[in-house]
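In what follows, a structure is listed as structure tokens, so that the remarks can point back to it.
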Amino acid sequence: TLTTKTTQQMLPAAVVITVAIAVFAPTVHAQVETRGNYGVGTFSKTILGQQAVHRLPNQDNQKLAKAADDEDAATGAPFKFAESIEYPLDMGTAGEWQTDVQAGVKRWRLQVISPGALSLSLLFSHFEIPSGAEFYVIGKYRTHGAYTRAQNQMDDFKFAVGLVKGDSVILEYVEPLDRSTATPQPRIRLHKVVHGFRGAHAYGMSGTCNIDVACADGKAWGNQINSVAMMLTNDAQRFCSGAMINNVRQDGTQYYLTANHCIFADVSYFMLGFNYQWNYCRSGGINGTNAEPHINLVQGLRVLSKWDKSDFALLLVKEKIPDAYNVFLAGWDQRAVPATNAIGVHHPSGDVKKISTYIGALQQSSWTEAPARLHWMVPKWTRGVTEPGSSGSPLFNSKGLVIGHLHGGQSACDFITGYDMYGGLAWDWATAPLQSQRLAQYLNPTKLNVTSMAGVQLKAARSRLRRQKRIGLMEKSILLK
């Protein structure tokens, strides 16, 4: 008997399919961090006065889990593992300041406790610190930071730190004693605390039939693998997958393609996780003793275009992705021609990155948009499957170009003959009635007569853009002479 992972939809053939949003979340190591200039204490050695300690009301984890399960069963909502709690705190009225003359710094600290939480995520409605200052989130098991003005301050001043293990964190802001009074005053305002009421760590949680990207199936697809990122959505409660994607200008614009059904509420708090993958084959569950791989995050997205019929969403990543993340901007093919042979790269159940392989011809099909057919169907994976958490992940053709994004399907390790449905790039492109719902305006803004585009390393695209700007400035200088 098939069970749905999130919401039930019906195909014309009246077959139940599954929208693949994640059930669990991995260990997330905050967003882009910078090597700090100031030392900070460990959690156990940092002692604060009672006025700087804020304890949230007790939560009943079992009750929250049951309520979430009942809601999911009634509405088809995605599996929920955390509860977002509004808890405003402002550094101007909360916490405590200390002056460390020997170190030449001033420190502001505040502790947040949500009793019984398995993990905590923090959403800040205002994060603004001066140059030279640093911010840290100190957990029981790891210190997250430093976060700085140059790297982490957004134009909307929103900020998020995802899934710190445990039920308590210490926030610490550090600034030099000789900070110029001309620089902006720090403003840090906590908005929500996200209480993890059940396991939020998906390391090794996907089915054993899934195949690591480092295994033989992934050897030829290194660039495509490096384009795929996990997306932490909706107040740090759910995960999807998606891919960074190139445009005809090849200018390094940070576009991220995923599924429309993965978009919830305010995406400015959403985070993308790169490189959560093994560098050697470990398929079939957790084998060996090595700790789980690190995940590299960026925070802050903006929705540019989306359409529910083909289930695509294109987002702009606001925070600059570091070159060290080695991100690839995937190429694409927007022709409505069924591909022969394909691969999918994704994060099933929020686990490390996996690859699925299909040998055969894709079929054009429908989700609920019949008689229109705006999807590509993988009738049955040759190797691997998809799961909750795989939603939005790219489908690549035999040339390694994106041709679709996962909407949902039947496939699972206990039903390996099940199919999967991918919204097709061919219909994302310009089929929607409104221009704002079309992918073409962003991936081909200059309306070049092209139907496909190769991918490019993000770092290389940035270098190319810098060269073009330098050449333009030189040509302008020559003309002025």
Side-chain angles (χ1 to χ4, degrees), residues 1-11 13-26 68-69 72-73 76-81 198-199 201-213 215 217-218 228 230-231 238-242 258-259 261-262 276-277 282-287 311 342-360 362-363 365 367-368 375-396 404-423:
T1 302
L2 292 178
T3 58
T4 60
K5 301 169 190 171
T6 55
T7 185
Q8 294 187 353
Q9 301 280 354
M10 300 301 292
L11 285 175
V15 181
V16 176
I17 59 183
T18 309
V19 175
I21 294 181
V23 174
F24 302 101
D69 290 342
D72 295 352
F79 185 98
K80 186 177 180 182
F81 64 85
R198 53 185 166 192
H201 303 286
Y203 169 52
M205 292 296 293
S206 65
T208 57
C209 73
N210 284 288
I211 300 168
D212 288 333
V213 293
C215 296
D217 284 25
V228 175
M230 180 186 295
M231 182 167 66
R238 305 179 177 92
F239 274 96
C240 280
S241 300
T258 187
H261 74 262
C262 291
Y276 189 53
Q277 61 204 57
R282 291 178 58 138
S283 293
I286 302 174
N287 299 303
D311 193 45
I343 63 163
V345 181
H346 52 103
H347 287 278
S349 297
D351 202 353
V352 293
K353 201 176 295 180
K354 307 291 183 178
I355 186 168
S356 303
T357 302
Y358 173 64
I359 299 175
L362 297 178
Q363 300 175 16
S365 190
W367 181 266
T368 57
H375 288 70
W376 295 122
M377 176 191 284
V378 176
K380 171 186 173 298
W381 290 104
T382 306
R383 290 182 296 278
V385 293
T386 64
E387 295 183 5
S390 303
S391 269
S393 61
L395 183 68
F396 296 98
H405 36 83
L406 183 61
H407 196 155
Q410 294 178 317
S411 76
C413 285
D414 58 0
F415 193 63
I416 60 174
T417 59
Y419 62 84
D420 276 329
M421 299 280 285
Y422 287 78

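These numbers come from a predicted model, not from an experiment. All values below come from the heavy atoms of this structure, side chains included, with hydrogens, waters and symmetry mates left out.
For the atom pair OG1 (T258) and CG (D311), the distance works out to 8.5 Å, reported to the nearest 0.5 Å. Between atom CE of residue M230 and atom OG of residue S390 there is a gap of 9.5 Å, rounded to the nearest 0.5 Å. Rounding to the nearest 0.5 Å places NE2 of H405 at 12.0 Å from CE of M421. Distance check: Y358 OH to Y419 OH gives 14.5 Å after rounding to the nearest 0.5 Å. We find the CE-OG distance between M231 and S391 to be 9.5 Å, quoted to the nearest 0.5 Å.
Of the candidates I355, T382, D212, I355 is the only one forming a side-chain contact (heavy atoms from CB on, under 4.5 Å) with D217. Just one residue in the list T417, T386, D420 forms a side chain to side chain donor-acceptor pair (under 3.5 Å) with W381, and that residue is D420.
Using a distance-only test at 3.5 Å, with no hydrogens or angles considered, no donor-acceptor pair links the side chain of Q277 to the main chain of V213. Under the 3.5 Å distance criterion, the side-chain polar atoms of K354 are left unmatched by any main-chain donor or acceptor of G384. Listed for the S241 side chain is a donor-acceptor partner under 3.5 Å among the backbone atoms of G389.
Contact record, M377 with S365: CE-OG, 3.7 Å, taken as the closest heavy-atom pair. In terms of heavy-atom proximity, R282 sits nearest to C215 at N-SG, 4.2 Å. Contact detail for S411 and G418: the closest heavy-atom pair is CB-O, 3.6 Å. In this structure, V228 and K353 approach most closely via the heavy-atom pair O-NZ, 2.9 Å.
Counting heavy atoms from C-beta on, the side chains of P348 and V385 never come closer than 4.5 Å. V378 is listed as a side-chain neighbour of L395, based on a closest heavy-atom distance under 4.5 Å. Under the 4.5 Å side-chain criterion, counting only non-hydrogen atoms from C-beta, H346 is in contact with N210.
Classified by interplanar angle (parallel below 30°, tilted 30° to 60°, perpendicular above 60°), the ring pair H261/H407 is parallel.
Annotation: ring-ring contact (aromatic ring centres under 6.0 Å, His included) contacts of W376 (sequence neighbours excluded): W427.
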